[in-house]
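Okay, structure first, notes after.
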There are 2 protein chains.
Amino acid sequence: MEAINLNRLAYFAAVVDTGSFTKAADRLGITKTVVSQQVARLEVELETSLLIRTTRRVEPTEAGRMLYARCVMILREAEDAVDELSEARAEPMGVLRIAAPHDYGASMIAPLAAGFARRFPACTVDLVLSDARADLVADHIDVSIRVGWLDDSTLQARRIGSFRQRLVAPANQFGAIAAREPEDLAALPFIANGALREPLLWHFARGDFDRRVVRMRQGLSINTTPAVLAATLAGGGLSVLPDFQVADHLGSGRLVEVLPEWTLPSGGIHAVYPAARFRPPKVTAFVAMLVEEIRRSEGKR
Amino acid sequence: MEAINLNRLAYFAAVVDTGSFTKAADRLGITKTVVSQQVARLEVELETSLLIRTTRRVEPTEAGRMLYARCVMILREAEDAVDELSEARAEPMGVLRIAAPHDYGASMIAPLAAGFARRFPACTVDLVLSDARADLVADHIDVSIRVGWLDDSTLQARRIGSFRQRLVAPANQFGAIAAREPEDLAALPFIANGALREPLLWHFARGDFDRRVVRMRQGLSINTTPAVLAATLAGGGLSVLPDFQVADHLGSGRLVEVLPEWTLPSGGIHAVYPAARFRPPKVTAFVAMLVEEIRRSEGKR
DNA sequence: ACATACTGTAAGCTATAAGCTAACAATGAG
DNA sequence: CTCATTGTTAGCTTATAGCTTACAGTATGT
């Protein structure tokens, strides 16, 4: 079949509906000439006479009535389709698939996702925790939360917050707590985070000008942040962890910040999404909520 | 709602079907550029992102999947519609409404219509006998059979046969049978057919040059042909009747032709139909059958 | 019976949209 | 790393949707 022009079906249906080329043209917002011509072309396409025209009346032929019945179905279906889409556009709905790393996902995103799902009942949230960088398109991920530093960029990203890295030690690690200068750390037991590109090389800063680079001693290396935290809490040694992971433990005193007057590079937290022309409302709404909530919690921190 | 471009739905559906702009373009027989552009415009029309494109893959968004489901329905419906029409075009089907005058309809058309209905089981025949000239369009008449002489002409017509008018008298009307010249008739009792324009004025011809015009005596006037026939058979007088009405009676001897060597004007039998661009097959088929059968029966006559 | 207003179509034109070619950036396969 | 293939962009041509004007035919109103 050689694909007829669907728009002409709409024109034809309008003529049958209104019983007049002139009225159909009015409804369609074009001139009757065009309607007449387009319907004539449709008849040529179909090699069938659809309407019997008198100057005063227009009546469908039998073929015309058959086609009209189909057109009604088609047009209703099309209309429903765009209605459905505009509803979908207005209110977040459907499934929102969020990808996030285990650590940040569990501690920060999960509660927010729960709040989002409650706020928009028509929207189901599917939070996928994984430290592997997911293929957004293949896995149908709507938003991926990335902690750290962005590299590739065919994707669009929005910075939703930031984090500081803190050098911490278990409260009983007196040697570490006694350190006064970054260089003092090189000899201490250090738990490296294998997920980082340079797990041992750390850039310390104090004020605007004081910079030190220290290479830690390779002792234990663990490739996920929660496990590094656990090992640190267990007394395995010093480690560098993001603030959102250690805040509780610093508050309770189980961990102690080492060299608090020195800062380590801070990173960004980004929401990353495929470069689609029009962002689905569920994504827009979720990212908006993220930004708001995280700004608030960082203010308290 | 401001009527979106339906053709673009077909393009979009092709992309989702094939999973590729390039393949969709191939299937549609256009370039991928156009597909890309048209789908992009559809997205603008709908203010929604339908596809997530990587250079390597194309995946529908959630809105895209929703729309695609609708498109499948729409396209199937459209395809069915044209299939239905081309089937309808190939074989006569549906209702064929025929209008005909009582006399010719009953004696000639009715048997042919019966044969036609038998020949095409998918086609129902509705034979409407009436001597009033019907409004073809208003009454959904597909073919109107007209006996005599055509006047108006917004309609299309095809001559399917002809008839001769015969001057007849009942077998016991010896005065009429004794007539030798047309002029002898003026004094005889004559039954006029009021349905004609000039019921009394008759043009006789013999050979190529002999012409006579005779005005009959106004005696009885009846405005339908069958009634004229009945009156004639009852011995009311002479009358002029079409050959298809009197053939049987001439054969049985109940009527006798008067002045058989003189001929009266012959008329045409026409099939008349609305001026539609493409004639429905049922009409074409029926008229073809008419022409064939009537030629055959006139040959015998 | 006659003028009139309105019907659908035809003809000729304009502008827009559909379509093509060529070139490009991105990406995955080998 | 190279190369083929993907979808998009840009620039252009062609087709066609659409408008204006004009016309023939027909109901309708007077």
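A note on names: the letters A, B, ... follow the listed sequences, proteins ahead of strands, and every chain is numbered from 1.
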Note to self: The side chain of Ser20(A) is closest to which nucleotide in this list: dT8(D), dG8(C), dG7(D)?
What the structure shows: dG8(C)
Next item on the list: Please examine the side chains of Leu6(B) and Leu75(A), heavy atoms only from C-beta on, and report whether any two atoms are closer than 4.5 Å.
Entry: yes
Note to self: Roughly what angle, to 10°, lies between the helix axis at the start of the helix from dA1(C)-dT30(D) to dG30(C)-dC1(D) and the one at its end, five pairs per end?
What the structure shows: 40°
Notebook entry, point to check: Is any side-chain heavy atom of Glu62(A) less than 4.5 Å from a side-chain heavy atom of Arg65(A)?
Noted result: yes
Next item on the list: Check Glu45(A), Glu43(A), Gln37(A) against Arg8(A) for a side chain to side chain donor-acceptor pair (under 3.5 Å) and give me the one that passes.
Entry: Glu45(A)
Item checked: Length of the CZ-P vector between Phe21(A) and dA10(C), whole Å -> 10 Å
Next item on the list: Summarise how protein sits on nucleotides 15-20 of chain C as a single string, 5' to 3': B when a protein heavy atom is under 4.0 Å from the base, S for sugar-phosphate-only contact, - for no contact.
Entry: --SSBB
Notebook entry, point to check: Could you state the interatomic distance from CZ (Arg27(B)) to OG1 (Thr18(B)), rounded to the nearest 0.5 Å?
Noted result: 6.0 Å
Check: Between Arg97(A) and Val95(A), is there a donor-acceptor pair closer than 3.5 Å when you use the side chain of the first and the backbone of the second?
Finding: no
Next item on the list: Whole angstrom is fine here: how far is it from CD1 in Ile52(B) over to C1' in dG7(D)?
Entry: 15 Å
Next item on the list: Please report, rounded to the nearest Å, how far the P atom of dG7(D) is from the CG atom of Leu50(B).
Entry: 16 Å
Note to self: Looking at Pro199(A), is its backbone amide N or carbonyl O close enough to the side chain of Asn193(A) to form a donor-acceptor pair, meaning the two atoms are under 3.5 Å apart?
What the structure shows: no
Next item on the list: Let me know the distance between CZ of Arg53(B) and C1' of dT5(D), rounded to the nearest Å.
Entry: 18 Å
Margin query: With a 4.0 Å limit, can you tell me whether Ser36(B) has a side-chain N or O closer than that to the phosphate oxygens OP1/OP2 of dT8(D)?
Written below: yes
Next item on the list: Check the pair Thr48(A), Leu67(A) against side-chain contact (heavy atoms from CB on, under 4.5 Å), reporting the backbone distance first and the verdict last.
Entry: CA-CA 11 Å; Thr48(A) 309; Leu67(A) 183 64; over 6 Å; no
Margin query: What is the distance, to the nearest angstrom, from the CD atom on Glu59(B) to the C1' atom on dG7(D)?
Written below: 15 Å
Next item on the list: Check every strand shown and say whether Val35(A) touches a base, only sugar-phosphate, or nothing at a heavy-atom separation below 4.0 Å.
Entry: nothing
Check: Does any N or O in the side chain of Arg146(B) come within less than 3.5 Å of the main-chain N or O of Ser144(B), such that one atom is a donor and the other an acceptor?
Finding: no
Notebook entry, point to check: Quick one: are Ile269(A) and Tyr104(A) in side-chain contact, heavy atoms under 4.5 Å?
Noted result: yes
